[in-house]
*Asks:* 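My structure is below; once you've seen it, I'll send some questions.
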Amino acid sequence: MSFKAKFSIYIFMIVLAMFILIVILDQYASLRNMNQDMEEVMEQASAKLSESFGQHPGWISKTAALRDDPEFEPNEMQSLLKKLYPELEEVTVFRPDAGGSMSDDKVLFGTYAFRDEAKDMVYAVEAAEKGFQVREVNLNGKEYIKSYYSDATLAPYVIGMVYDCEEYNQIMRMKRMDAIMYAGIILLFVLISSYLLAGFMLRPLNAILWKVNEVSLGRFQTAIKVRGKDEFGLLALKINAMSQNLSIYMEKLRQAFEDNRQMKEYLQSFIDHTSDAIHVVDLQGKFIQVNKAFEQLFGYTSEEVFGAEIELVPDTHRGEMRLIINSLQEGKVLPAQETIRVTKNGEIIPVSVTISPIRDTEGVIQAYASITRDMRSRNRMEELLRRSEKLTTVGQLAAGVAHEIRNPLTTLRGFLQLQQHTGKMNLEHTGLMLSELDRINLIVGEFLILAKPQATRFATKDVRDVFRSVLSLIDSEGHLHNVTFTTSFTEAPCLVSCEENQLKQVFINLLKNGIEAMPSGGRIHTHIASKNGQITISITDEGIGIPEDMIPKIGNPFFTGKESGTGLGMMISQRIIHSHQGLMEIKSQVNVGTTIIITLPALKEGSTNGILGEGLDKQRSNVG
């Protein structure tokens with residue numbers, strides 16, 4: 001049902017209720033007024049009749065004789081009253097009896113056809129006391145009004161009159177019907193008027209409703225025509241403004257939705273086509289999503305892992321994983337971790353893992369996303385690069401080694417020629433010869449250790465001893481370039497868990513770089529110290545220095561400041577130090593010199609676990 005129809009019906013119902021109330025009140029007032037008027041008429045008629053009796057003293061004794069006398073004034077009065085009041089049915093003069101009986105001999109005047117003796121006696125007694133009483137009575141299916149009147153003239157007699165209510169009721173019915181007819185006409189007029197008025201008043205609202213419907217369908221262009229400055233006009237202006245704002249916001253929302261859709265497609269494409277394995281797990285460790293690279297790397301299908309708890313972390317690295325999760329929950333941002341994982345067929349593979357938390361809008365962690373990169377190919381490539389750099393370094397050291405061996409050989413040749421010439425063996429010369437042979441053996445041994453490919457195996461070594469062996473190997477090349485080496489080593493033990501050959505390769509690369517940075521010669525100073533569980537190796541030259549803008553780029557593949565360099569030496573050196581859980585820092589000033597500081601984690605005396613074992617021991621102690 002439309003609002004206009006509802007409005008019309010509401011107005012109609014309100015007016016109808018008002019008219020019903022008015023009719024009821026009018027009927028009640030009319031009924032009350034007519035009752036009062038009738039009571040006054042009946043009382044006046046009874047009083048007139050009583051006066052007519054008062055003009056004939058002694059009428060009581062002559063009642064039988066006078067009852068039929070037309071000149072008897074009460075008879076004339078009775079006839080006159082019936083002419084004046086046609087509804088007057090009966091006049092009775094009687095004496096009430098306290099016993100309640102009513103016989104014909106007690107009726108002194110008139111007739112007593114409308115009998116109701118018991119109640120008549122009660123009301124007659126009250127009338128004798130109070131003067132006048134009226135009551136309604138239903139006799140033979142018709143309604144009548146009985147009045148009872150008495151005064152000093154009549155006492156103790158009572159005049160009773162019976163009036164027919166039919167005419168009275170007919171008048172009331174006619175008035176009621178007239179009221180209903182008038183009310184119906186007025187209500188019909190009100191209904192039609194309210195409907196038309198509602199249509200006129202709701203015309204602006206219809207336009208607003210049309211506009212709202214247009215907005216709900218996503219059409220914002222057409223505006224409402226404002227024809228007035230009333231509340232509807234103000235509402236139309238506001239809805240036009242709202243529609244315009246919604247149009248702008250919807251356009252922005254569509255653009256944002258399109259951008260989000262494109263971004264989602266890009267991200268999904270990236271996840272599906274990246275070579276890194278990506279998987280997402282919830283807080284219970286159940287897999288939510290994996291990509292194709294994950295399936296290829298670990299051997300699981302997406303159907304196998306979805307909703308399942310699969311352990312990719314070996315037992316030896318569970319403590320490390322717990323530490324990572326605790327750090328992420330504390331809000332820390334962790335770099336990529338080089339570790340190991342287990343595939344479906346049980347193969348242990350080296351990987352680089354980056355784990356990030358996924359948070360909801362309130363910042364609460366809901367899941368963890370892991371990006372796993374297979375490090376097998378990179379490790380093989382790095383090993384090849386290390387070997388290549390090592391061979392390059394060996395070739396460059398060959399001239400110095402040859403020069404270093406030539407001096408002892410010259411000494412040996414001279415002593416042998418002397419002994420051959422004299423034919424005698426000098427024990428002092430023999431000792432010198434053996435000393436030179438030991439030096440040749442030491443130099444060749446160090447050279448072979450560096451040049452010979454060896455398996456990566458961490459062991460506990462003193463950094464001072466490793467560095468001294470490197471100095472003995474490279475000292476000859478320093479002499480060739482007029483470079484001297486000075487050292488300042490701490491007396492405290494400097495034990496580290498390391499792969500000795502790799503560490504030597506780092507020291508040789510750094511010392512060679514220092515030699516090459518001083519083409520006119522100079523001094524290289526080395527300082528080794530142990531403090532706060534860290535071993536610090538500082539190598540300082542007096543060379544040409546490195547420009548400040550080039551320092552961040554050192555370590556990038558094939559980036560070098562030397563004409564004949566490849567840039568691989570520093571890259572491999574940095575990676576070797578990182579694999580030893582260490583740091584390398586470069587400080588340089590042009591035309592002053594360069595200082596390279598290497599920091600390695602110290603190993604307590606008596607510990608033989610190596611880097612991995614020590615790290616796991618720390619993790620277990622932290623977790624426990």
*Asks:* Just wondering, do M518 and H481 contact through their side chains at under 4.5 Å, heavy atoms?
*Replies:*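 No - every pair of side-chain heavy atoms lies 4.5 Å or more apart.
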
*Asks:* Give every donor-acceptor pair under 3.5 Å between a side-chain atom in residues 523-538 and any protein atom, sequence neighbours left out.
*Replies:*
unit_1 : atom_1 : unit_2 : atom_2 : d
H525   : ND1    : T486   : OG1    : 2.8
H527   : ND1    : S488   : O      : 3.1
H527   : ND1    : S488   : OG     : 3.3

*Asks:* Could you check whether Q255 and E251, counting side-chain N and O atoms only, form a donor-acceptor pair closer than 3.5 Å?
*Replies:* no

*Asks:* Any sub-3.5 Å donor-acceptor pair from E499's side-chain atoms to N501's backbone N or O?
*Replies:*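 Flag set: sc E499 to bb N501 pair under 3.5 Å.
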
*Asks:* State, to 0.1 Å, how close N291 and I271 come at their nearest heavy-atom pair, and which atoms those are.
*Replies:* ND2-O, 2.8 Å

*Asks:* How far apart are the closest heavy atoms of T594 and S588, and which atoms are they?
*Replies:*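 Answer, listing the atom of T594 first, then S588: OG1-OG, 2.9 Å.
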
*Asks:* Could you tell me the separation between the CG atom of D276 and the OG atom of S352, rounded to the nearest 0.5 Å?
*Replies:* 8.5 Å

*Asks:* Under the side chain to side chain contact (heavy atoms under 4.5 Å, CB included) test, which residues partner S243, sequence neighbours left out?
*Replies:*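 Scan of S243 (side chain to side chain contact (heavy atoms under 4.5 Å, CB included), adjacent residues dropped) gives K211, V215, F220.
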
*Asks:* Step through the shown structure and confirm whether more than 12 heavy atoms of other residues, nucleotides or ligands are within 6.0 Å of CD on E491.
*Replies:*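 No - once you tally the heavy atoms of other residues, nucleotides and ligands closer than 6.0 Å, there are 12 at most.
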
*Asks:* Out of curiosity, Q296 CD to S275 OG, how far, rounded to the nearest 0.5 Å?
*Replies:*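 If I round to the nearest 0.5 Å, the distance is 9.5 Å.
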
*Asks:* Testing the basics here: between L297 and T372, what is the closest heavy-atom pair and its distance to 0.1 Å?
*Replies:*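 That would be CD2-CG2, 4.0 Å.
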
*Asks:* Using every non-hydrogen atom in the two residues, find where I515 and F485 come nearest and quote the distance to one decimal.
*Replies:*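 Answer, listing the atom of I515 first, then F485: CD1-CZ, 3.9 Å.
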
*Asks:* Report yes if some heavy atom in the side chain of E265 is under 4.5 Å from a heavy atom in the side chain of M263; otherwise report no.
*Replies:*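 No, their side chains stay 4.5 Å or more apart.
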
*Asks:* Would you say E320 and T339 are linked by a side-chain donor-acceptor pair, where the criterion is simply a distance under 3.5 Å?
*Replies:*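 Checked: T339/E320 side chains pair up, N/O donor to acceptor below 3.5 Å.
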
*Asks:* Hey, could you give me the CG/OG1 distance between L495 and T460, rounded to the nearest 0.5 Å?
*Replies:*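 Going from CG on L495 over to OG1 on T460, the span is 7.0 Å.
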
*Asks:* Find out whether I358 and V280 are in side-chain contact, i.e. whether some heavy atom of one side chain is under 4.5 Å from a heavy atom of the other.
*Replies:* yes

*Asks:* Kindly compute the distance separating CG (L511) from CZ (F507), expressed to the nearest 0.5 Å.
*Replies:*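 Interatomic distance, L511 CG to F507 CZ, rounded to 0.5 Å: 8.5 Å.
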
*Asks:* When you compare the side chain of D462 with that of V466, does any pair of heavy atoms fall below 4.5 Å?
*Replies:*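 When only atoms from C-beta onward are counted, D462 and V466 do not touch, as no gap falls below 4.5 Å.
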
*Asks:* Report yes or no: does N245 contribute a side-chain atom to a donor-acceptor pair with the main-chain N or O of A241 at less than 3.5 Å?
*Replies:*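 The answer is yes, because a donor-acceptor pair under 3.5 Å joins these two groups.
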
*Asks:* Check for a donor-acceptor pair, side chain of Q262 on one end and backbone N or O of D259 on the other, with a separation under 3.5 Å.
*Replies:* no

*Asks:* Identify the two heavy atoms, one from D374 and one from P350, that lie closest to each other, and give their separation to 0.1 Å.
*Replies:*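 Looking at all heavy atoms of both residues, the shortest contact is OD1-O, 3.7 Å.
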
*Asks:* For the residue pair H580 and F458, does the interplanar ring angle fall in the parallel (under 30°), tilted (30 to 60°) or perpendicular (over 60°) class?
*Replies:*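 Tilted, since the angle between the ring planes falls between 30° and 60°.
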
*Asks:* Quick one: which residue pairs count as a ring pair (Phe, Tyr, Trp, His ring centres under 6.0 Å) with a foot in residues 245-273, not counting sequence neighbours?
*Replies:*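 Listed by first then second residue: nothing to list.
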
*Asks:* Within this structure, what is the NZ-CZ distance for the pair K344 and F298, rounded to the nearest 0.5 Å?
*Replies:*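 It comes to 13.5 Å.
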
*Asks:* So do the side chains of K504 and F467 get within less than 4.5 Å of each other, counting heavy atoms only?
*Replies:* no

*Asks:* Walk me through it: do R254 and E258 pass the test salt bridge (Lys or Arg N to Asp or Glu O under 4.0 Å)?
*Replies:* CA-CA 6 Å; R254 277 193 288 266; E258 183 63 22; over 6 Å; no

*Asks:* Thinking salt bridges, do R376 and E347 make one under a 4.0 Å N-O criterion?
*Replies:* yes

*Asks:* Are the side chains of Q581 and S497 in contact, using a 4.5 Å heavy-atom criterion?
*Replies:* no

*Asks:* Mind listing the closest non-hydrogen atom pair of L312 and H279 along with its distance?
*Replies:* CD1-CE1, 4.1 Å

*Asks:* Will you find, in the side chains of Q244 and N240, an N or O donor that is under 3.5 Å from an N or O acceptor?
*Replies:*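 Side chains of Q244 and N240: no pair found under 3.5 Å.
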
*Asks:* Are there more than 12 heavy atoms of other residues, nucleotides or ligands under 6.0 Å from atom CZ of R464?
*Replies:*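 Counting neighbours around CZ of R464, more than 12 heavy atoms of other residues, nucleotides or ligands fall under 6.0 Å, so yes.
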
*Asks:* If you apply the rule side-chain contact (heavy atoms from CB on, under 4.5 Å), what do you find for I598 with L510, and how did you get there?
*Replies:* CA-CA 11 Å; I598 297 174; L510 298 180; 3.5 Å; yes

*Asks:* Under the ring pair (Phe, Tyr, Trp, His ring centres under 6.0 Å) criterion, do F294 and F287 qualify, and how do the steps go?
*Replies:* CA-CA 12 Å; F294 177 90; F287 280 70; 5.8 Å; yes

*Asks:* Would you call K512 and E516 a salt bridge, using N to O less than 4.0 angstrom?
*Replies:*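 Between E516 and K512 there is a salt bridge, with a charged N closer than 4.0 Å to a carboxylate O.
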
*Asks:* Mind running side-chain contact (heavy atoms from CB on, under 4.5 Å) on I324 and L334 for me, showing each step along the way?
*Replies:* CA-CA 8 Å; I324 292 175; L334 302 181; 3.5 Å; yes

*Asks:* Verify side-chain contact (heavy atoms from CB on, under 4.5 Å) between I577 and V506, making sure each step is shown before the conclusion.
*Replies:* CA-CA 8 Å; I577 296 300; V506 172; 4.1 Å; yes

*Asks:* Does the side chain of I597 come within less than 4.5 Å of M584's, by heavy atoms?
*Replies:* no

*Asks:* Hey, does L283 have a side-chain heavy atom less than 4.5 Å from the side chain of Y368?
*Replies:*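 Side chain of Y368 against side chain of L283, heavy atoms only: contact under 4.5 Å found.
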
*Asks:* Check this for me, if you would: do K292 and D272 make a salt bridge, where the nitrogen-to-carboxylate-oxygen distance has to be below 4.0 angstrom?
*Replies:*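 Not counted as a salt bridge, because no side-chain N and carboxylate O are separated by less than 4.0 Å.
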
*Asks:* Distance-only, no hydrogens or angles: does the Q337 side chain make a donor-acceptor pair with backbone N or O of T354 under 3.5 Å?
*Replies:* no

*Asks:* Distance check, rounded to the nearest 0.5 Å: L503 atom CG versus S469 atom OG?
*Replies:* 9.5 Å

